[in-house]
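Chain identifiers are assigned alphabetically (A, B, ...) following the order of the sequence lines, protein sequences preceding nucleic acid strands; residue numbering begins at 1 within each chain.
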Protein chains: 2
Amino acid sequence: MSFSLPEGFLFSSGTAGIKASGKPDVSLALAPDGASAAAMFTRNQVVAAPVTVGREHLRRSRGKIQAVIVNAGNANCATGAHGVRAAKVVCSATAKVLGTDASHVFPSSTGIIGVLLPFEKIVTALPVLIASANAGPEAFDKFATAIMTTDTRKKIAAAEFVFKKKTVRLVGAAKGAGMIHPNMATMLVYLFTDVIATRRELQLCLKNAVDQSFNNISIDGDTSTNDTALLLASGKSGVQFKSVRKQFAAALADVCRSLAEQIIRDGEGAKHVVTLKIQQARSTAEARQIASAIANSPLVKTAWAGCDPNWGRMLAAIGYSGVKVKPDHINIYLGNQQICRNGAAHPFDKVHAHEYMKQPAYDIRFNLGLGKAKLDFLSCDLTAEYVHINADYST
Amino acid sequence: MSFSLPEGFLFSSGTAGIKASGKPDVSLALAPDGASAAAMFTRNQVVAAPVTVGREHLRRSRGKIQAVIVNAGNANCATGAHGVRAAKVVCSATAKVLGTDASHVFPSSTGIIGVLLPFEKIVTALPVLIASANAGPEAFDKFATAIMTTDTRKKIAAAEFVFKKKTVRLVGAAKGAGMIHPNMATMLVYLFTDVIATRRELQLCLKNAVDQSFNNISIDGDTSTNDTALLLASGKSGVQFKSVRKQFAAALADVCRSLAEQIIRDGEGAKHVVTLKIQQARSTAEARQIASAIANSPLVKTAWAGCDPNWGRMLAAIGYSGVKVKPDHINIYLGNQQICRNGAAHPFDKVHAHEYMKQPAYDIRFNLGLGKAKLDFLSCDLTAEYVHINADYST
């Protein structure tokens with residue numbers, strides 16, 4: 001992938017010794033003074049210390065963030081008062097080197113739950129991290145790599161567009177998917193752009209983009225304690241958000257959708273990426289609720305693993321989704337082939353359907369006959385490998 | 001198990017040729033004229049034809065049921081108008097032999113979804129079924145056996161108590177657990193008693209018993225399209241419900257709890273039965289919601305499969321259950337050993353915890369620190385075998 005990074009940001013990564021593997025485990029992003037930030041967090045009530053501290057710093061700094069410091073290998077979750085103190089120490093130490101207030105530093109953690117964060121290791125690594133930060137694409141690559149835990153590959157997406165001969169750039173890095181590993185938590189997403197925007201403009205735009213991407217994917221239905229999506233705007237493109245509102249929103253949504261898809265493709269043990277095309281719903285919210293019920297049903301997910309066109313299980317999941325439906329209005333299609341008609345059996349070529357489901361990625365379309373809203377929702381199958389990965393772990 | 005059946009009922013079973021295995025697949029229960037009935041059904045909006053017809057017959061007959069006819073091997077679900085007609089034909093044919101109205105016959109089906117019910121096979125089997133019905137314990141045993149689909153063993157429970165020298169008896173038979181097989185649906189429960197009761201008395205009592213048993217278990221979180229619990233009272237004990245209200249309610253709840261536990265023990269691929277003891281909740285409803293979130297988390301269930309005392313995953317599931325909790329008030333115990341204190345890590349003997357979780361059945365206790373309500377909820381682990389059973393099926 002070849003792309004240019006947005007102007008104004010510096011990146012670096014290092015090895016603080018938190019991951020048992022000895023792989024790089026701290027990432028740093030630096031933004032110019034005055035950069036704006038917006039963020040979205042997990043809806044889980046059990047939240048990790050960095051989420052608590054990150055929220056507080058965004059509030060105190062009024063959305064002005066100059067540094068993002070991420071560690072992988074330890075989630076700093078369920079660590080009580082010690083955890084909050086640890087996250088604050090890391091931010092203060094970073095701020096001190098940069099000559100700013102701690103509230104301008106945004107912390108993130110991902111990894112094992114319930115183990116005290118060895119914050120002094122991060123503090124020790126900070127000076128080199130900060131000194132080595134640079135604007136090169138390799139530095140960004142390393143930033144995206146060091147935030148990984150059980151991910152098998154780094155997840156990066158970029159977009160750009162031109163306005164009056166000036167280029168606005170966006171880039172994002174992500175890790176994980178829901179809670180995808182024993183004691184390992186978290187989807188972390190960092191988005192960087194050089195548009196000129198206030199935190200309020202960014203916040204709304206981020207919310208919409210997340211609704212169109214990360215809120216439309218599910219691997220196992222578990223909600224992490226650390227989920228964070230952060231959007232930073234340096235303003236260095238010289239282009240005002242107001243002038244490019246629509247283009248920027250579309251580009252941000254594209255980047256988020258690409259990252260979301262990369263997360264699903266890297267889902268633990270997943271052999272098939274399934275796009276649920278929910279159509280003729282009353283609203284997007286209802287479409288999402290139905291898609292979630294289908295995507296989180298162990299019976300549906302195991303049928304996908306077996307390439308079994310078992311429409312009865314999907315129909316049943318729609319029936320218990322909590323959305324008021326008309327069962328005899330529901331039509332289900334595997335690609336172009338209809339497999340359920342008006343909520344009942346419909347003759348179809350089973351060999352062809354089985355072959356279709358052997359593909360690494362495919363669509364299932366649901367026409368609900370209720371309204372005009374639609375939604376694409378990405379999920380994956382539940383394989384014996386998922387069970388092995390998550391059961392064979394020993395605390 | 002040795003027990004006496006309640007007075008007034010006759011049972012039989014037969015082989016109509018619906019199960020591909022050639023095993024017995026139709027069960028019949030006959031009640032005396034005037035017997036009262038109450039029922040509870042699946043909350044899934046996608047319901048099988050026998051549920052639709054059963055509801056209608058209970059309404060039309062004002063809860064007077066003389067015969068229950070169950071077939072296994074075909075759920076008669078997602079079968080459109082044909083399915084409703086098929087269920088009605090079976091009821092009419094039964095009613096004709098008995099010399100009563102079709103509305104006094106209650107139909108049930110369990111098995112594959114989306115395949116038309118070969119109702120003529122059931123109709124052909126009816127005369128012998130009815131002629132051979134008798135009050136012996138073996139007949140009840142066969143009734144309980146022929147309703148099985150993927151169950152590995154029949155599920156029977158009984159209770160009795162004496163009131164003024166007269167004995168009131170209850171017996172129940174059940175099959176399945178949620179949706180436990182490819183295209184196979186359904187938990188079916190049939191309860192018989194000889195108390196004298198109106199349908200309203202039975203209905204409230206049944207609702208309470210179901211709330212204390214079948215609503216407190218989960219294998220995979222999927223809700224079947226055919227779930228039915230039917231309670232029939234012959235009145236032949238000569239004891240009025242009003243005189244024994246409390247004793248009867250307790251006995252019915254006992255029978256239902258025993259059946260619910262037998263269902264969980266027979267869960268597909270399950271190696272461990274886990275009782276979630278939710279304590280200090282604000283209400284039973286909230287306790288159930290929290291227990292469901294824990295019991296339906298694939299990450300929690302796979303940890304159980306690996307005998308991994310992974311309290312972080314359980315804490316996270318509580319956090320996203322939708323119930324307002326105080327994370328730092330939560331204490332978690334594996335038997336007598338505390339593994340999470342005030343929502344944070346607590347030192348514990350990991351070897352002992354691992355050994356404890358190797359038991360086929362054990363408790364995990366959650367003290368929420370919110371109120372005084374409590375609930376025991378039964379669940380089981382998610383094993384690779386569950387995936388194999390449900391994925392390796394080919395339509």
Most chain A-contacting option - heavy-atom pairs closer than 4.5 Å, from Ala353(B), Gly83(B), Pro327(B)
Pro327(B)
For the atom pair CG (Leu315(B)) and OG1 (Thr225(A)), what is the distance rounded to the nearest 0.5 Å?
8.0 Å
Nearest 0.5 Å, please: how far is NE2 in His388(B) from OG1 in Thr302(A)?
11.5 Å
Please list, chain by chain and in numerical order, all residues satisfying salt bridge (charged side-chain N to carboxylate O under 4.0 Å, His left out) with Glu355(A), sequence neighbours excluded.
Lys358(A)
Residue selection (most heavy-atom pairs with chain A, distance under 4.5 Å) from Ser321(B), Ala345(B), Gly343(B), Gly319(B)
Gly319(B)
Can you name the nearest heavy-atom pair linking Ala384(A) to Val387(B), along with the distance?
N-CG1, 3.5 Å
One option among Gly80(B), Ala293(B), Cys340(B), Ser297(B) has the most heavy-atom pairs under 4.5 Å with chain A, and it is Ser297(B)
Out of curiosity, Asn296(B) CG to Asn296(A) CG, how far, rounded to the nearest 0.5 Å?
10.0 Å
Working to the nearest 0.5 Å, report the span between CG of Leu299(A) and OH of Tyr386(B).
3.5 Å
Is a side-chain N or O of Asn44(B) found less than 3.5 angstrom from the main chain of Ala316(A), in a donor-acceptor match?
yes
Closest-packed option against chain B by number of heavy-atom pairs under 4.5 Å, given Leu382(A), Asp328(A), Val325(A), Asp381(A)
Val325(A)
Option that, when pairs with chain B are counted at under 4.5 Å, heavy atom only, ranks first among Val46(A), Thr383(A), Ile318(A):
Val46(A)
Donor-acceptor contact present, side-chain Gln45(B) to main-chain Val323(A), <3.5 Å
yes
Interface moiety of Lys326(A) toward chain B, non-hydrogen atoms closer than 4.5 Å
neither
Identify which part of Thr42(A) has an atom lying under 4.5 Å from any heavy atom of chain B, answering side chain, backbone, both or neither.
neither
